[in-house]
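Input: a single structure, listed below in structure tokens.
Worth saying up front: this structure is predicted, and the values here are computed from it rather than measured. FYI, the numbering just counts along the sequence from 1.
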Amino acid sequence: MREVQKIAEEKLRPVNQGLILTGSAMNFGDFVTNTYNSAYLPLLSSSTQDSYRGHISKYLEPRFSHLCLRDLTRLTIQQYFSGMAGKVSYPTISKIRDALSSILRSAVDVDYLIKNPMEGLRLPPDKRPRQPKPTITPEQFHELVELVSEPYATMLYVSVWTGLRVSELIGLKWRCIHSDSISVEERYFRGDWSVPKTPASAATIGVAPEVIARILRLKTITVRVRAGRAVRTHKLVKSASPDDLVFQSVQTGKPMNDQNVLKRHLKPSARKLGLSFVNWRCLRTSHATWLVQAGADPKSVQGQMRHSRISTTMEIYAQIVPSAQRRALEQLSEFARTGAADSRSITVQ
């Protein structure tokens with residue numbers, strides 16, 4: 001009996017000392033189903049919800065659904081992720097990490113856990129080869145704009161000349177368009193309206209006059225759309241009050257779907273030019289790359305791209321380094337040739 005009492009005291013000591021909460025005995029699968037899915041998952045964007053649901057059902061529930069929350073210790077979780085090395089791609093591992101961390105943070109929030117056991121977790125190293133982010137040249141850009149129909153050509157034009165994210169581009173309203181600048185106030189992404197991605201993203205950026213002129217030109221354009229055997233005419237801007245969208249769905253005037261625009265209009269035209277890599281991210285990266293190539297300093301590029309951290313901006317600079325290195329090597333070769341010539345002339349004298 002004394003031995004049994006000692007074991008019981010050892011088991012209960014963490015609970016009595018407040019190191020383990022009684023709610024931690026809840027089953028992981030039950031917590032996800034009854035608490036997380038109803039109270040916390042709906043707070044995320046629809047795209048994040050879809051991603052988390054997929055990774056929870058495919059990876060997390062099969063491994064952890066039978067365990068109590070308190071059994072998800074730092075060691076248990078670390079062993080789980082370490083075991084993925086070489087078996088699961090790094091992007092998938094990082095998304096599983098994000099989903100599990102979100103679940104455990106919510107368990108802390110409802111006082112089922114003292115702290116998130118994933119704090120300080122180490123993921124397997126990312127061994128993917130580093131590849132530069134694809135960009136287009138100004139010449140390719142002008143050719144592409146000529147091939148794309150309106151209003152998608154203007155979306156392409158504004159995207160490259162401003163560096164706006166596609167969600168910010170689709171969420172632009174007429175009150176955000178000024179004589180020489182654009183204010184980023186909201187974003188729209190596949191059914192969700194929200195604030196910009198980061199506090200730094202909510203800003204006003206300078207814009208060239210020709211970009212503003214191109215945007216205002218949308219108010220004067222009508223397009224013909226085939227509907228069965230009939231052909232209907234639509235105004236690209238059905239209403240231009242301050243709260244109306246700049247880029248409106250041609251037929252309904254509602255917000256556009258970024259995937260539809262990319263697949264139906266931008267990519268087919270880009271493939272004709274041999275630019276199969278073109279996507280919305282490529283257009284934004286091209287804007288930053290052009291700024292760099294034009295001689296802009298990193299801090300100015302950071303402000304224009306509205307990055308929260310300069311390290312993010314420097315990733316753009318990193319892919320410009322090879323050309324800079326080539327110029328440096330050419331200068332070194334020229335210096336070496338000139339120095340050798342000078343040396344010979346001195347010897348002759």
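Checked by atom type and distance alone, the side chain of Gln79 never pairs as donor or acceptor with a backbone atom of Thr76 at under 3.5 Å. For the pair Thr285 (side chain) and Arg281 (backbone), a donor-acceptor distance under 3.5 Å is present. In this structure a side-chain-to-backbone donor-acceptor pair under 3.5 Å is present from Gln49 to Leu44.
Met256 and Pro151 make their closest contact through CE-CG, 3.6 Å (heavy atoms, listed as atom of the first residue, atom of the second, distance). When all heavy atoms are compared, the tightest approach of Thr73 to Pro117 is C-CB, 4.2 Å. Contact record, Ala203 with Arg306: CB-CD, 4.0 Å, taken as the closest heavy-atom pair. Among all heavy-atom pairs drawn from Ile310 and Pro298, the shortest one is CD1-O, 3.7 Å. Shown here for Ala85 and Pro124, the closest heavy-atom pair between the two residues is CB-CB, 3.8 Å.
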Please table the atom pairs, donor to acceptor, closer than 3.5 Å between any side-chain atom in residues 260-276 and protein atoms at least two apart or in another chain.
residue, atom, partner, partner atom, Å
Lys267, NZ, Ser276, O, 3.2
Lys267, NZ, Val278, O, 2.9
Ser269, OG, His265, O, 3.2

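For Asp98, there are no side chain to side chain donor-acceptor pair (under 3.5 Å) partners at least two apart in sequence or on another chain. Applying the side-chain contact (heavy atoms from CB on, under 4.5 Å) criterion to Thr312, with sequence neighbours excluded, gives His307, Arg309. Residues satisfying the salt bridge (Lys or Arg N to Asp or Glu O under 4.0 Å) criterion with Arg53, sequence neighbours excluded, are Asp50. Under the rule for a side chain to side chain donor-acceptor pair (under 3.5 Å), the partners of Thr252 that lie at least two apart in sequence or sit in another chain are Ser249. Considering only residues two or more places apart in sequence or on other chains, His178 meets the side chain to side chain donor-acceptor pair (under 3.5 Å) condition with Ser183.
The CE atom of Met305 sits 13.5 Å away from atom OG of Ser300, with the distance rounded to the nearest 0.5 Å. We find the CD-CD1 distance between Glu119 and Ile77 to be 10.5 Å, quoted to the nearest 0.5 Å. Residue Thr48 holds its OG1 atom at 10.0 Å from NZ of Lys95, rounded to the nearest 0.5 Å. The distance from the CG atom of Leu41 to the OG atom of Ser102 is 7.5 Å, given to the nearest 0.5 Å. Expressed to the nearest 0.5 Å, how far CD1 of Ile96 lies from CZ of Arg63 amounts to 12.5 Å. Rounding to the nearest 0.5 Å places CG of Asn257 at 7.0 Å from CZ of Arg190.
Hydrophobic clustering, with ILVMFWY side chains joined whenever heavy atoms are under 4.5 angstrom apart, groups Val148 together with Val223. Under a hydrophobic clustering in which Ile, Leu, Val, Met, Phe, Trp and Tyr are joined whenever their side-chain heavy atoms come within less than 4.5 Å, directly or via other members, Ile205 and Val292 fall into different clusters. Residue Val184 is grouped with residue Met155 when hydrophobic side chains (ILVMFWY) are merged at heavy-atom distances under 4.5 angstrom, including chains of intermediate members.
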Determine, stepwise, if the pair Leu236 / Thr220 fulfils side-chain contact (heavy atoms from CB on, under 4.5 Å).
CA-CA 8 Å; Leu236 292 185; Thr220 67; over 6 Å; no

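Ring to ring, Phe31 and Tyr36 are not that close: their centroids are 6.0 angstrom or more apart.
Using a cutoff of 4.0 Å between basic side-chain nitrogens and carboxylate oxygens, Glu150 and Lys219 are not scored as salt-bridged. Remark: Lys173 does not engage Asp244 in a salt bridge, criterion side-chain N to carboxylate O under 4.0 Å.
Counting only heavy atoms from C-beta outward, the side chains of Asp71 and Phe64 never approach each other to under 4.5 Å. For the pair Tyr188/Leu245, no side-chain contact is recorded, criterion being any heavy-atom separation below 4.5 Å from C-beta on.
With a 6.0 Å radius and a threshold of 12 heavy atoms from other residues, nucleotides or ligands, Lys238 has its NZ atom above the threshold. For Arg175, the CZ atom is densely surrounded, since the number of other residues' heavy atoms within 6.0 Å is greater than 12.
Between Tyr157 and Trp161, the ring planes lie tilted relative to each other; the angle falls in the 30° to 60° range.
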